[in-house]
Amino acid sequence: MSSQNVSSPFPLPPEFYKRYTDENLDKLKRIKEHGIEAFTNAGDTLPQDFDIFDLEPPKPITKDFYTMFNEAWPVVDRMRTLEETDLQQLYPKGEIDKASELKKLNNSVVFNFVELLDILVKDPDRGPDKCEQIKLLLINMKFLLNEYRPHQARETLQLIMKEQIEQRKLATKEIQKRCNELTQTLANLKNSWKDLDVVKMELDDTLYQENSESADLIPESNLF
Amino acid sequence: MSDQSTPTDKPQSPTTIIDAENDKRFQIELEFVQCLANPWYLNNLAQRGFFQDPAFLNYLKYLKYWQRPEYAKFIIYPHALYFLDLLQNPRFCENLRNRDNATKISRAQYYHWFKWRN
């Protein structure tokens with residue numbers, strides 16, 4: 001990256017982009033269509049400084065961690081447990097009834113708060129310890145609540161999809177309504193056309209009769 | 001972008017080298033494609049004339065693979081994928097050179113975060 005402008009706060013794009021010339025992409029396309037042997041037999045040369053198949057996207061990372069903007073991310077997205085964050089887990093492990101555990105924790109918080117008030121009156125020095133305990137309890141509650149996040153996400157998605165279906169149903173109804181209106185209009189038009197025809201035929205008849213009557217008066221040779 | 005350092009342990013077999021290369025490339029492109037979520041970065045690219053380079057435009061087209069589900073799950077700045085689509089339009093690229101337009105986009109992005117996200 002010799003051409004990097006030092007004064008710019010922004011990085012240059014990866015150097016790979018220079019490989020994506022029309023020529024190279026065309027070569028890759030032909031190799032994929034006809035195979036590499038046909039390609040070299042036709043007298044074409046592969047690029048010297050890189051493998052032509054490097055023009056294809058890299059495979060997604062599947063193992064452990066990957067780095068993004070100097071932070072490590074687990075490939076399989078999962079929540080860290082309390083112990084991984086060096087905190088004591090106050091609720092039992094494994095399958096638990098989250099709602100009742102949360103209620104228990106909530107009761108503990110209230111109880112500890114009352115105790116804190118008591119301590120502040122009798123022995124204020126022990127106050128910070130009690131605060132730490134309450135903090136741990138609240139963190140535990142937050143962790144339990146966060147385990148509901150995937151559930152919440154699914155519910156939200158479900159709601160969105162339901163809304164979309166509802167919208168589509170409404171749209172279909174609207175279209176159906178317009179279609180019916182159109183059919184009605186067309187039918188009306190057809191009927192009025194028939195009525196017109198009838199009127200026209202009657203008119204024609206009267207005209208014909210008038211003509212034939214008058215034609216009798218005019219000598220035949222003058223008609224043409 | 002970080003300096004994309006490879007893992008410190010030395011790869012032993014050719015396949016691990018290829019894997020390491022693949023993973024490095026994956027991470028470089030993952031970071032770059034997400035840089036596109038920043039209107040000021042786009043403005044900077046436009047001012048440096050990258051959008052006049054046919055190879056770079058081809059590269060942007062190629063980067064659309066990040067919109068495939070197996071890749072998109074790695075993206076934490078989804079605006080990047082939206083801008084990637086917009087960048088396929090030459091007029092958008094041309095207008096990015098103008099700082100006022102970049103400001104407008106940046107503001108729109110801010111209000112999107114502020115209001116329309118639910």
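Heavy atoms only: backbone and side chains are in, while hydrogens, waters and symmetry mates are out. In what follows, chains are A, B, ... by sequence order, proteins preceding strands, each numbered from 1.
- Between the side chain of Asn58(B) and the main chain of Tyr20(A), a donor-acceptor pair closer than 3.5 Å is present.
- Of the two parts of Leu25(A), only the side chain, counted from C-beta on, holds a non-hydrogen atom closer than 4.5 Å to a non-hydrogen atom of chain B.
- A pairwise comparison of heavy atoms in Tyr41(B) and Pro13(A) identifies OH-N, 3.8 Å as the closest pair.
- The shortest side-chain heavy-atom distance between Phe69(A) and Gln34(B) falls under the 4.5 Å cut-off.
- Contact of Asp54(A) with chain B is made through backbone and side chain together, with heavy-atom distances under 4.5 Å.
- Looking at Leu63(B), neither its backbone nor its side chain comes within 4.5 Å of chain A, counting heavy atoms on both sides.
- In Lys135(A), the NZ atom is not crowded: 12 or fewer heavy atoms of neighbouring residues, nucleotides or ligands sit closer than 6.0 Å.
- In this structure, the side chains of Pro14(A) and Tyr59(B) come closer than 4.5 Å at one or more pairs of heavy atoms.
- Across Glu31(B) and Asn70(A), no two heavy atoms sit closer than the pair OE2-N, 4.1 Å.
- Around the OH atom of Tyr82(B), the shell of radius 6.0 Å holds no more than 12 heavy atoms that belong to other residues, nucleotides or ligands.
- At a 4.5 Å heavy-atom cutoff, the contact between Tyr65(B) and chain A is made by side-chain atoms alone.
- Heavy-atom minimum distance, Pro58(A) versus Phe26(B): CG-CA, 3.7 Å.
- Leu12(A) and Arg48(B) get closest at one heavy-atom pair: CD2-NH1, 2.6 Å.
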| said: With ring pair (Phe, Tyr, Trp, His ring centres under 6.0 Å) as the criterion, how do Tyr17(A) and Tyr62(B) come out once you've worked through the C-alpha distance, each side chain's angles and the decisive distance to 0.1 Å? | reply: CA-CA 9 Å; Tyr17(A) 86 84; Tyr62(B) 151 84; over 10 Å; no

| said: Let's go through Tyr66(A) and Phe74(B) carefully: what are the C-alpha distance in whole Å and the side-chain angles of both, what is the deciding distance for ring pair (Phe, Tyr, Trp, His ring centres under 6.0 Å) to 0.1 Å, and is it a yes or a no? | reply: CA-CA 10 Å; Tyr66(A) 62 97; Phe74(B) 290 93; 4.9 Å; yes

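- Rounding to the nearest 0.5 Å gives a distance of 11.0 Å between CD1 of Ile28(B) and OG1 of Thr67(A).
- For chain A, the nearby parts of Trp40(B) are the backbone and the side chain; heavy atoms of each come within less than 4.5 Å.
- Shown here is Arg68(B), whose CZ atom has more than 12 heavy atoms of other residues, nucleotides or ligands within 6.0 Å.
- At a 4.5 Å heavy-atom cutoff, the contact between Glu56(A) and chain B is made by backbone atoms alone.
- Of the possible polar contacts, none joining the Arg25(B) side chain to the Lys59(A) backbone as a donor-acceptor pair under 3.5 Å is found.
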| request: Show your working on side-chain contact (heavy atoms from CB on, under 4.5 Å) between Gln27(B) and Ile61(A) and close with a plain yes or no. | output: CA-CA 9 Å; Gln27(B) 292 171 47; Ile61(A) 295 182; 3.3 Å; yes

